[in-house]
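Since the structure is predicted, the reported quantities are computational estimates derived from the model, not experimental observations. All heavy atoms count here, side chains included; hydrogens, waters and symmetry mates do not.
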Amino acid sequence: MTETRDRFALIGAGPMGLAAAKVLAEQKIPFQGFELHSDVGGLWDIDGPKSTMYDSAHLISSKRMTEFTDFPMREEVADYPSHRELKTYFQDFAKEFDLYRHYRFGAEVTKVAPLGGSGEGWHVCWQDDDGTHDAVFAGVLIANGTLSEPNMPRFEGTFDGELIHSSAYRSASQFDDKRVLIIGAGNSGCDIAVDAIHHGQSCDLSMRRGYYFVPKYVFGKPADTMGGLIKLPMWLKRRIDGLILKWFVGDPQRYGFPKPDYQLYESHPVVNSLVMHHAGHGDLAIRPDIVRFEGKTVQFTDGSAHDYDMIVAATGYKLHYPFIDKTLLNWQGDAPHLYLNAMHPTRDDLFVLGMVEASGLGWQGRHEQAEMVARYLAGLRDGTTEAKTLQREKAKGFDRATGGMKYLDLPRMAYYVDKATYRSAVTGWITRLKRGQAA
């Protein structure tokens, strides 16, 4: 077994892993990166073994609200870049900050386990084309993403046509001449439905609950770039944004969409300018939840039944860290319970990076999370008072940074935070840790 107790093991070379690699190098924290694929980019590289991309996939947030602040996307890149442009962006990011040399590519981490208490080292096992390997590291930083393990629900009955999860969808040609049902109207579900409308015989969309729909452009500009200069109380923000949505979107119920049973921002809105357009033109039929399958017939909760050749379950993803025991991650309910979604309450050698979602957080918000962790490790190394203060704070017990928001009780919302509350806390710690380093 190789001894590398002076280095951390960093798992993943997607957006979060690359951000972590960059700030670890800046803080002179030794680390070894592991990436299953042969290149950087994570799920944004459609050729990656865990990628869930499809040909028509684009960002649902604009490039300026998503990019890393110190590595802006080129002016010629579209407002809402495709996965192809983003693959190139991450490759360029890795080259700019000299990150490739830190990674073992084609290396799948299969198990990580502590040798004892915090600070006593971690046993890390991985496999690549040369066989199986193991080594002891100072700690582990998990950044393998949150959107790779399909959440496939169980359905009553048997469907005799083609049934796939959206993670297996790649090209609109899969819908050629088929009657298609999309289950789930999140952002991916609505994107895929638009593809199916143009290539299948017909397309229906099954929805368990209603959603708030946000257009991609408002007054000719990406919607997420409008406003935000003034911090508004949530009750007023909801009122103003709700009025804007009525102006630009109208009433989705007119097109058959169910009314949301929650308030705006208590779940992630759907950013799509086309799905209601097609519903209004009769190209898309909205169906309720499913009761059961019988052959190629699907029975719905409103008593109706319709026949389909293909069903795509756009039902989201589950957090998946198969190489580590759940108890080590302080798992509670549907997600690990970590300080600011990243830091273990009692261990200083185990971190989960990127397990955070918020409307408008972007990659910069995740970069800040990684910087907080890297500066914390540097502060512990240097014995700063500020790092010791953070160490005590995360051990005291804490709540998720929701800002008082009552999010829907769903697995995908279990690690959702309020952007302003979260970024304020994270950047606050960065400022304090910087002060300690300067002193």
Side-chain angles (χ1 to χ4, degrees), residues 8 10 16 19-20 23-24 27 29 112-122 137-143 146 231 234 319 321 324-358 361 365-407 409 411 413-439:
F8 277 75
L10 170 63
M16 191 70 237
V23 294
L24 288 169
Q27 296 303 313
I29 304 294
V112 301
L115 299 181
S118 183
E120 295 184 36
W122 282 73
F137 287 86
V140 177
L141 299 109
I142 300 172
T146 61
K231 172 65 176 174
M234 184 52 69
L319 293 177
Y321 309 114
I324 186 171
D325 191 298
K326 274 189 171 185
T327 59
L328 294 170
L329 293 175
N330 195 34
W331 204 287
Q332 296 181 20
D334 293 307
H337 185 56
L338 305 173
Y339 184 66
L340 293 175
N341 287 43
M343 309 177 82
H344 194 281
T346 59
R347 298 196 73 107
D348 295 317
D349 55 2
L350 176 63
F351 302 88
V352 178
L353 302 172
M355 188 200 71
V356 58
E357 284 291 344
L361 187 65
R366 292 163 173 82
H367 183 284
E368 290 163 358
Q369 183 195 67
E371 183 178 355
M372 174 186 67
V373 168
R375 288 188 181 276
Y376 175 63
L377 290 173
L380 291 178
R381 176 195 63 202
D382 300 337
T384 68
T385 299
E386 288 74 13
K388 292 175 182 176
T389 300
L390 176 49
Q391 186 181 48
R392 290 193 298 271
E393 187 70 21
K394 71 184 182 70
K396 288 194 312 186
F398 49 86
D399 294 320
R400 190 157 40 105
T402 62
M405 184 75 75
K406 294 181 179 179
Y407 295 114
D409 185 18
M413 304 299 295
Y415 47 98
Y416 220 86
V417 299
D418 172 65
K419 180 181 75 170
T421 303
Y422 185 81
R423 291 190 73 173
S424 176
V426 169
T427 56
W429 278 117
I430 290 173
T431 299
R432 294 173 68 177
L433 292 165
K434 278 184 179 179
R435 190 184 307 128
Q437 290 173 301

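- With rounding to the nearest 0.5 Å, the separation of OH in Tyr376 from CD1 in Ile430 is 15.0 Å.
- There is a side-chain donor-acceptor pair under 3.5 Å between Tyr339 and Trp429.
- Relative orientation of the His337 and Phe398 rings is parallel, given thresholds of 30° and 60° on the angle between their planes.
- A heavy-atom distance below 4.5 Å is found between the side chains of Tyr422 and Leu340.
- Between Gln437 and the choices Glu386, Gln27, Arg432, the side-chain hydrogen bond (donor to acceptor under 3.5 Å, both in side chains) rule is met once, by Gln27.
- Proximity of Leu350 to Leu329: side-chain heavy atoms (C-beta onward) are separated by under 4.5 Å at one or more points.
- Lys326 contributes no side-chain N or O that, together with a main-chain N or O of Pro336, makes up a donor-acceptor pair within less than 3.5 Å.
- Scanning both residues, Gln369 and Gly354, for their nearest heavy atoms gives OE1-N, 2.9 Å.
- Taking all atoms of both residues into account, the shortest heavy-atom contact from Val417 to Ala401 is CB-O, 3.3 Å.
- In this structure, the separation between CG on Leu353 and CE on Met343 is 9.5 Å, given to the nearest 0.5 Å.
- Counting heavy atoms from C-beta on, the side chains of Tyr407 and Glu357 never come closer than 4.5 Å.
- Counting heavy atoms from C-beta outward, Met413 and Met405 have side chains that stay 4.5 Å or more apart.
- Side chain of Arg400 to main chain of Tyr416: a donor-acceptor pair is present (N/O by atom type, distance under 3.5 Å, no hydrogens or angles).
- Rounding to the nearest 0.5 angstrom, the gap separating the CE atom in Met372 from the NZ atom in Lys434 is 14.0 Å.
- Within the 4.5 Å cutoff, no side-chain heavy atoms of Arg347 are placed close to those of Asn330.
- Taking CD of Glu120 as the reference point, atom CG of Leu115 lies at 7.5 Å (rounded to 0.5 Å).
- Put simply, the side chain of Leu24 reaches to within 4.5 Å of the side chain of Leu377, judged on heavy atoms.
- Qualifying ring-ring contact (aromatic ring centres under 6.0 Å, His included) partners for Tyr415, counting only residues two or more places apart in sequence or in other chains: none.
- By the salt bridge (Lys or Arg N to Asp or Glu O under 4.0 Å) test, Arg423 is found to be paired with Glu368, residues two or more places apart in sequence or in another chain being considered.
- Closest of all the heavy-atom pairs between Gly379 and Ala387 is C-CB, 3.5 Å.
- Leu328 has its side chain out of reach of Tyr321: every pair of non-hydrogen atoms, C-beta onward, lies at least 4.5 Å apart.
- When every heavy atom of Ala370 is checked against every heavy atom of Ala20, the shortest pair comes out as CB-CA, 3.8 Å.
- Thr384 and Asp382 are not linked by any side-chain donor-acceptor pair at a separation below 3.5 angstrom, with hydrogens and angles left out of the test.
- The closest donor-acceptor contact from the side chain of Ser118 to the backbone of Asp348 lies under 3.5 Å.
- Thr385 contributes atom OG1, which lies 11.5 Å from atom CZ of Arg435 (distance to the nearest 0.5 angstrom).
- Taken from CD1 in Ile142 to CG in Leu319, the straight-line distance is 11.0 Å, to the nearest 0.5 Å.
- For the residue pair Ala143 and Leu10, the shortest heavy atom distance occurs at CB-CD1, 4.2 Å.
- When all heavy atoms of Leu141 and Val373 are compared, the pair lying nearest together is CD2-CG1, 3.9 Å.
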